[in-house]
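Take a look at the structure below.
Note that the structure is a prediction, hence the values are computed from the model and not measured. Every chain is numbered from 1, with letters handed out A, B, ... down the list of sequences.
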Amino acid sequence: MGEIVFLLIFSAIAGYMYFLTGSFRISKMDISGGAAMFPRIVIIIFLACIALRIVQLLKSKDTKEFVWKNIFKKGRREFVISLVLYALLLVPFGFIISTILFLLSIVNYFYFLGNETLGSVRNIVIRNLLLVGFTVALYFIFSEVLGVSLPPGILDI
Amino acid sequence: MDWNTVIHNVFNVYSILYMTVGCALGTVFGCIPGLSTPIALALVLPLIFKTDVHLAICLMMGIYCGGVSGGLVSAIMLKIPGSSAAVATTFDGYPMAQRGEGARAMSIGVFASFFGGTVSTIFLMLLANPLAHIALGFGPWEYFGTALMALILAVFLMKGDPLKSLITACIGVLLTTVGISPIDGVAERFTFGSVHLKNGFQMIALVIGVFALPEVLKNAGRIKNIKPAVKLEKKRFYLISWSDLKELFTTMVRGSILGTIVGILPGLGGGPACLMGYAMEKRFSKEPETFGTGNPHGIAAPESANNATVGGALIPMLSLGVPGDTNTSIILGAFTLLGIATGPIMVQNTPEVFTTTILAVFVANFVMLILQSFSIPYLVKMLSVSNIYLLPIITVFCVTGCISLNNNTFEVYYMMVLLFIGYLLESNDYPVAPLIIGFVLGGTVETNLRRSIMYYGSFTNCLSKVSIGTLFFGVSIIIPIIYLILGIKNARDAKKAS
């Protein structure tokens with residue numbers, strides 16, 4: 001059932017895309033079939049494949065469950081949450097601060113998950129200092145050497 | 001073509017250095033289960049923007065060769081293949097390591113990888129140029145037919161359900177339609193008024209989103225399950241012995257030829273090549289019962305076959321501009337980013353780049369042999385350096401790489417959406433590789449289809465033209481029809497049987 005829902009969501013998006021192709025601007029000089037032709041062909045093939053797959057699923061006796069819940073499995077759940085927060089904090093906090101926050105939180109969490117301890121104080125200090133150093137080095141490589149403008153955020157550098 | 005330039009492009013200190021870095025990176029990503037060559041390639045893409053074209057090629061070829069071979073380390077020491085290309089290596093590699101022959105198994109695997117890679121590069125040298133010259137006579141209809149057939153073959157030859165592959169390929173092709181339309185350049189398609197979407201989705205963000213990050217996410221749930229490696233005998237260099245080389249030579253030749261052929265075919269790649277190589281060798285063997293108990297032939301055959309796919313896959317990519325797997329799709333995307341047109345135009349306009357690429361693969365195999373021969377113990381140690389550090393660092397690289405594409409965070413946001421789509425697809429046996437191949441080839445298919453219609457007046461006129469384009473188009477239509485008929489027949493047979 002889960003897969004059917006998943007496929008229906010995709011077909012709804014594809015259907016909406018098909019509807020949008022009607023509003024594409026057309027050049028009078030264009031004799032190649034127009035901008036809408038190719039997306040329409042692909043959408044029709046896509047919808048046909050989805051329909052076939054749904055028929056296949058309905059006829060099949062195989063009751064294999066659609067996997068989506070394991071995204072919330074221990075480890076993955078925390079990773080997803082921290083990644084989403086990281087992406088959201090990039091602009092307001094800036095690259096350096098958000099990256100440091102992301103790395104410190106997730107590496108220490110993974111360390112705890114793998115070893116059931118955070119390690120000795122010396123270990124914790126070294127690990128976290130290295131992560132801060134890595135972030136700063138990465139920032140300078142990308143911004144100074146490669147000329148990429150990474151979000152400055154509150155540090156404004 | 002100036003041969004001096006080509007030789008200088010590959011045989012200078014910087015090129016060798018880039019190749020070595022690439023091989024090392026590829027080997028590390030290949031040997032750590034969960035990481036893979038496409039991830040390594042995707043991660044370096046943002047870094048090669050400002051690099052010299054030839055150095056970028058050396059880096060990518062190093063990653064490609066090292067990555068396909070790297071999987072053997074964990075396959076032999078942990079019984080966990082670092083990549084799908086090393087699945088069959090576990091069958092005999094691990095039993096050998098268990099009985100204290102880990103160093104021998106490693107030496108055989110490393111040399112067989114080098115052998116396979118080198119043989120396939122010779123095929124690449126012999127076949128790519130003539131094929132590209134034939135393709136120089138191609139018009140838009142022929143390009144359309146070639147790209148469409150490559151896409152269909154990739155979908156139907158790939159492991160798993162072709163219907164699922166076709167669905168993901170359609171998603172990939174649909175994603176290419178976002179942005180300003182090609183040919184007419186007037187329609188803004190599916191941009192929803194966003195300035196960022198006018199140029200469409202970025203190849204790097206897409207690869208990272210649907211391929212790299214879902215792998216990271218998958219591994220994030222397995223932090224606890226780190227298996228200890230088997231102990232490895234200490235040696236300075238892990239080189240194959242003369243007696244092993246003599247004994248395994250024919251096996252490696254067979255594996256290399258098979259791997260090259262498999263590599264040329266779209267959609268297969270290292271995974272099926274290594275399994276087919278193993279199965280073929282077992283059939284040829286006088287002692288098939290020893291396979292699976294630590295037979296060196298069971299390492300030499302799959303390892304030579306999987307690395308031979310490198311040269312094989314580069315033949316259609318370089319000569320026709322058609323990628324056959326995720327690796328070549330990313331490399332093709334990188335060539336585009338570097339401003340190099342691939343396919344027959346490459347031979348005509350930039351023959352130095354064409355030959356440099358081939359020579360770089362050849363040299364990268366030697367660099368890989370030297371590097372892996374002495375770095376095996378360090379790689380084994382690296383296996384115990386868990387994903388605790390690697391996964392978050394790779395994620396940061398992915399995010400930084402996406403920001404660097406357009407100097408803004410928009411790419412990061414849609415990369416996150418693609419991460420969830422990629423994860424759901426992969427977790428439910430919808431292969432992601434056709435999505436990437438569809439994304440790479442979608443633009444070529446559309447542009448050349450529309451050009452053909454413009455050139456010949458209508459689509460029916462295109463079909464009435466006797467050319468290789470019509471033949472390829474016909475094949476692309478026939479393959480799904482045969483699949484459909486066989487599917488219906490099988491369903492009826494199953495119904496009758498029940």
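The candidate from B/Val173, B/Thr395, B/Thr409 with the greatest count of non-hydrogen atom pairs under 4.5 Å with chain A is B/Thr395. The most heavy-atom pairs under 4.5 Å with chain B, out of A/Ala36, A/Gly34, A/Ala14, A/Gly75, come from A/Gly34. In terms of non-hydrogen atom pairs under 4.5 Å with chain A, the most contact-rich of B/Val412, B/Leu484, B/Ile183, B/Val399 is B/Val399. When each of B/Leu213, B/Thr176, B/Thr51, B/Ile393 is checked for heavy-atom pairs under 4.5 Å with chain A, B/Ile393 comes out on top. Note on A/Asn108, A/Leu130, A/Val80: by heavy-atom pairs under 4.5 Å with chain B, the leading option is A/Val80. Counting heavy-atom pairs closer than 4.5 Å to chain A, the top residue among B/Thr400, B/Ile171, B/Thr177 is B/Thr400.
For A/Arg77, the CZ atom counts as densely surrounded, since its 6.0 Å shell holds more than 12 non-hydrogen atoms of other residues, nucleotides or ligands. Other residues, nucleotides and ligands place more than 12 heavy atoms under 6.0 Å from the CZ atom of A/Phe95. For CD1 of A/Ile26, the number of neighbouring non-hydrogen atoms (other residues, nucleotides, ligands) closer than 6.0 Å is 12 at most. Shown here is A/Tyr111, whose OH atom has more than 12 heavy atoms of other residues, nucleotides or ligands within 6.0 Å.
Atom CG of residue A/Asn70 and atom OH of residue B/Tyr423 lie 3.5 Å apart, to the nearest 0.5 angstrom. The distance from atom CZ of A/Phe6 to atom CD1 of B/Ile421, rounded to the nearest 0.5 Å, is 7.5 Å. Once rounded to the nearest 0.5 Å, the distance linking OG of B/Ser404 with CG of A/Leu150 reads 8.0 Å.
Between B/Ser427 and A/Trp68, the closest side-chain pair of non-hydrogen atoms is not below 4.5 Å. Taking 4.5 Å as the limit, some side-chain heavy atom of B/Val396 sits within range of a side-chain heavy atom of A/Leu138. A/Leu7 places a side-chain heavy atom less than 4.5 Å from the side chain of B/Ile167. Using a 4.5 Å cut-off on side-chain heavy atoms (C-beta onward), B/Tyr430 and A/Glu3 make contact. Contact of the B/Asp184 side chain with the A/Phe24 side chain is not registered, since no non-hydrogen atoms from C-beta on lie closer than 4.5 Å.
For B/Phe192, the part sitting under 4.5 Å from any heavy atom of chain A is the side chain, from C-beta outward, and nothing else. Proximity to chain A (any heavy atom under 4.5 Å) is shown, for B/Tyr455, by neither the backbone nor the side chain. At a 4.5 Å heavy-atom cutoff, the contact between A/Phe46 and chain B is made by backbone and side-chain atoms alike. Contact annotation for A/Leu90: only side-chain heavy atoms (C-beta onward) come within less than 4.5 Å of a heavy atom of chain B. If you measure heavy-atom distances from B/Phe459 to chain A, you find no contacts under 4.5 Å at all. Heavy atoms closer than 4.5 Å to chain A are found nowhere in B/Asn408, neither backbone nor side chain. Residue contact with chain B, scored on non-hydrogen atoms closer than 4.5 Å, involves the backbone of A/Glu65 exclusively. For A/Val107, the parts lying under 4.5 angstrom from a heavy atom of chain B are both the backbone and the side chain. With a 4.5 Å cut-off on non-hydrogen atoms, B/Asn428 touches chain A through its side chain but not through its backbone. With a 4.5 Å cut-off on non-hydrogen atoms, A/Phe142 touches chain B through its side chain but not through its backbone. Only the side chain of A/Arg127 comes within less than 4.5 Å of a heavy atom in chain B; its backbone stays farther off. Looking at B/Leu449, only its side chain comes within 4.5 Å of chain A, counting heavy atoms on both sides. Using a 4.5 Å cut-off between heavy atoms, A/Phe10 touches chain B through its side chain atoms alone.
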Exercise. B/Leu217 and A/Ile71: side-chain contact (heavy atoms from CB on, under 4.5 Å), yes or no, with the steps?
Worked result: CA-CA 8 Å; B/Leu217 182 58; A/Ile71 208 164; 3.9 Å; yes
For this session: Go through B/Arg189 and A/Thr21 one step at a time and tell me if the side-chain contact (heavy atoms from CB on, under 4.5 Å) criterion holds.
Result: CA-CA 7 Å; B/Arg189 304 187 297 192; A/Thr21 58; over 6 Å; no
For this session: List the steps, then state whether side-chain contact (heavy atoms from CB on, under 4.5 Å) holds for B/Val445 with A/Phe38.
Result: CA-CA 9 Å; B/Val445 172; A/Phe38 187 71; 3.8 Å; yes
Problem set entry | B/Leu419/A/Leu83 under side-chain contact (heavy atoms from CB on, under 4.5 Å): CA gap, chis, key distance, verdict | CA-CA 11 Å; B/Leu419 154 68; A/Leu83 185 59; 3.6 Å; yes
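Ring planes of A/Phe134 and B/Phe397: perpendicular class, angle over 60° (limits at 30 and 60°).
Under the 3.5 Å distance criterion, the side-chain polar atoms of A/Arg53 are left unmatched by any main-chain donor or acceptor of B/Lys164. Not a single donor-acceptor pair under 3.5 Å links the side chain of A/Arg76 to the backbone N or O of B/Ala220.
Taking every heavy atom of both residues into account, B/Ile453 and A/Ser32 meet most closely at CD1-O, 3.8 Å. The two residues A/Met17 and B/Phe190 make their nearest non-hydrogen contact at O-CE2, 3.2 Å. Residues A/Val67 and B/Leu424 approach most closely at O-CD2, 3.6 Å, considering heavy atoms. Residues A/Ser149 and B/Ile403 approach most closely at O-CG2, 4.2 Å, considering heavy atoms. What you find for A/Lys73 and B/Gly221 is that their closest heavy atoms are NZ-O, 3.2 Å. Taking every heavy atom of both residues into account, A/Ala35 and B/Glu446 meet most closely at O-OE2, 4.3 Å.
Under the 4.0 Å criterion applied to side-chain N and carboxylate O atoms, B/Arg450 and A/Asp30 are assigned as salt-bridge partners.
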